[in-house]
Amino acid sequence: MRNQTHPFRSLRTAAFLLAAASLLGLPALAAADTVNISNATVRGQQETVLTNAHGMTLYYIARPGPQPCVGASCARIWPPLIAPYGKFTAPASLRGKLSVIRGPFGPQLAYTGHPLYGFIGDSRPGQANGQGLHDPWGVWWMATPAQGTSQARSSGSSW
């Protein structure tokens with residue numbers, strides 16, 4: 001596992017983010033600072049995906065959409081993966097760059113520059129019900145380790 005740190009270290013900031021998430025009814029914004037690699041079923045096929053600490057599939061949004069996913073209505077459907085202390089862990093085998101960015105709800109994890117989100121339509125690990133969904137914010141794709149390879153970038157399959 002590799003550990004990374006980022007300037008978002010304040011305990012006061014973390015407490016504020018968790019309190020704000022609670023008030024907004026966004027329980028998935030709790031300390032979700034771990035990214036793993038697992039499998040999910042997509043249209044009957046097993047796919048390798050990035051998951052949160054609970055094994056739930058992570059997604060990113062492909063723009064352009066009319067607006068980015070920044071409001072509470074989007075965050076209820078697509079909860080951002082927040083790292084309240086600005087730190088995270090990930091498998092050493094993850095080839096792409098995992099980083100902490102300034103998201104609308106605080107320090108958010110991003111993979112290869114794409115902010116990561118969960119999906120309210122996934123009720124258990126191994127699901128990827130948000131794959132390819134179109135909504136007012138854009139098109140959603142499951143995050144895969146292949147996003148970190150030049151082959152994936154050149155083929156356009158993961159972007």
Side-chain angles (χ1 to χ4, degrees), residues 1-11 13-40 42 47-63 65 67-133 135 137-148 158-159:
M1 301 289 245
R2 66 181 170 183
N3 288 316
Q4 301 288 328
T5 59
H6 198 271
F8 302 107
R9 296 182 190 189
S10 165
L11 292 177
T13 300
F16 172 79
L17 291 172
L18 293 174
S22 176
L23 289 173
L24 289 171
L26 305 171
L29 290 177
D33 52 2
T34 299
V35 172
N36 292 309
I37 300 171
S38 190
N39 291 314
V42 180
E47 301 283 344
T48 303
V49 298
L50 299 185
T51 63
N52 66 15
H54 304 288
M56 303 300 283
T57 300
L58 295 172
Y59 300 87
Y60 67 95
I61 188 172
R63 292 187 172 82
Q67 62 184 23
C69 183
V70 296
S73 60
C74 183
R76 281 188 195 97
I77 299 167
W78 302 98
L81 187 63
I82 298 295
Y85 300 103
K87 297 180 182 182
F88 59 85
T89 59
S93 62
L94 193 60
R95 293 186 240 169
K97 183 179 181 195
L98 193 63
S99 60
V100 178
I101 62 169
R102 288 187 186 269
F105 293 99
Q108 184 174 356
L109 289 180
Y111 186 61
T112 63
H114 295 277
L116 296 173
Y117 301 84
F119 178 53
I120 196 169
D122 291 341
S123 60
R124 67 181 188 282
Q127 294 182 330
N129 295 319
Q131 172 67 3
L133 286 180
D135 66 16
W137 300 284
V139 182
W140 295 87
W141 302 104
M142 61 188 180
T144 68
Q147 282 175 248
S158 297
W159 300 91

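For the pair F119/M56, no side-chain contact is recorded, criterion being any heavy-atom separation below 4.5 Å from C-beta on. No side-chain heavy atom of V35 sits under 4.5 Å from any side-chain heavy atom of Y111. Between L98 and L116 there is a side-chain heavy-atom pair separated by less than 4.5 Å. Residues W78 and L133 have side chains in contact (heavy-atom distance under 4.5 Å, counting atoms from C-beta outward). In this structure, the side chains of S93 and I37 come closer than 4.5 Å at one or more pairs of heavy atoms. Residues T48 and N39 form a side-chain contact, since some pair of their non-hydrogen atoms from C-beta on lies under 4.5 Å apart.
The main-chain N or O of T89 is never found under 3.5 Å from a side-chain atom of T34 such that the two would form a donor-acceptor pair.
Closest approach of H114 to I61, counting heavy atoms only: ND1-O, 4.3 Å. Across all their heavy atoms, S73 and W137 have their closest contact at OG-CZ2, 3.7 Å. Taking both residues in full, the closest heavy atoms of P84 and P107 are given as O-CG, 4.3 Å, listed atom of the first, atom of the second, then distance. When all heavy atoms are compared, the tightest approach of M142 to V49 is SD-CG1, 3.4 Å. Of all the heavy atoms in N36 and A53, the pair that sits closest is ND2-CA, 4.2 Å. In terms of heavy atoms, P80 sits closest to Q108 at CB-NE2, 3.4 Å.
Within the model, atoms OG1 of T51 and CG of D122 stand 11.5 Å from one another, a figure rounded to the nearest 0.5 Å. Interatomic distance, OG1 of T112 versus CZ of R95, reported as 13.0 Å (0.5 Å rounding). Annotation: the span from C69 atom SG to I77 atom CD1 amounts to 8.0 Å, rounded to 0.5 Å. L109 contributes atom CG, which lies 8.5 Å from atom CG of L58 (distance to the nearest 0.5 angstrom). Once rounded to the nearest 0.5 Å, the distance linking OG1 of T57 with CD of Q131 reads 9.5 Å.
Aromatic ring centres of W141 and Y59: separated by at least 6.0 Å.
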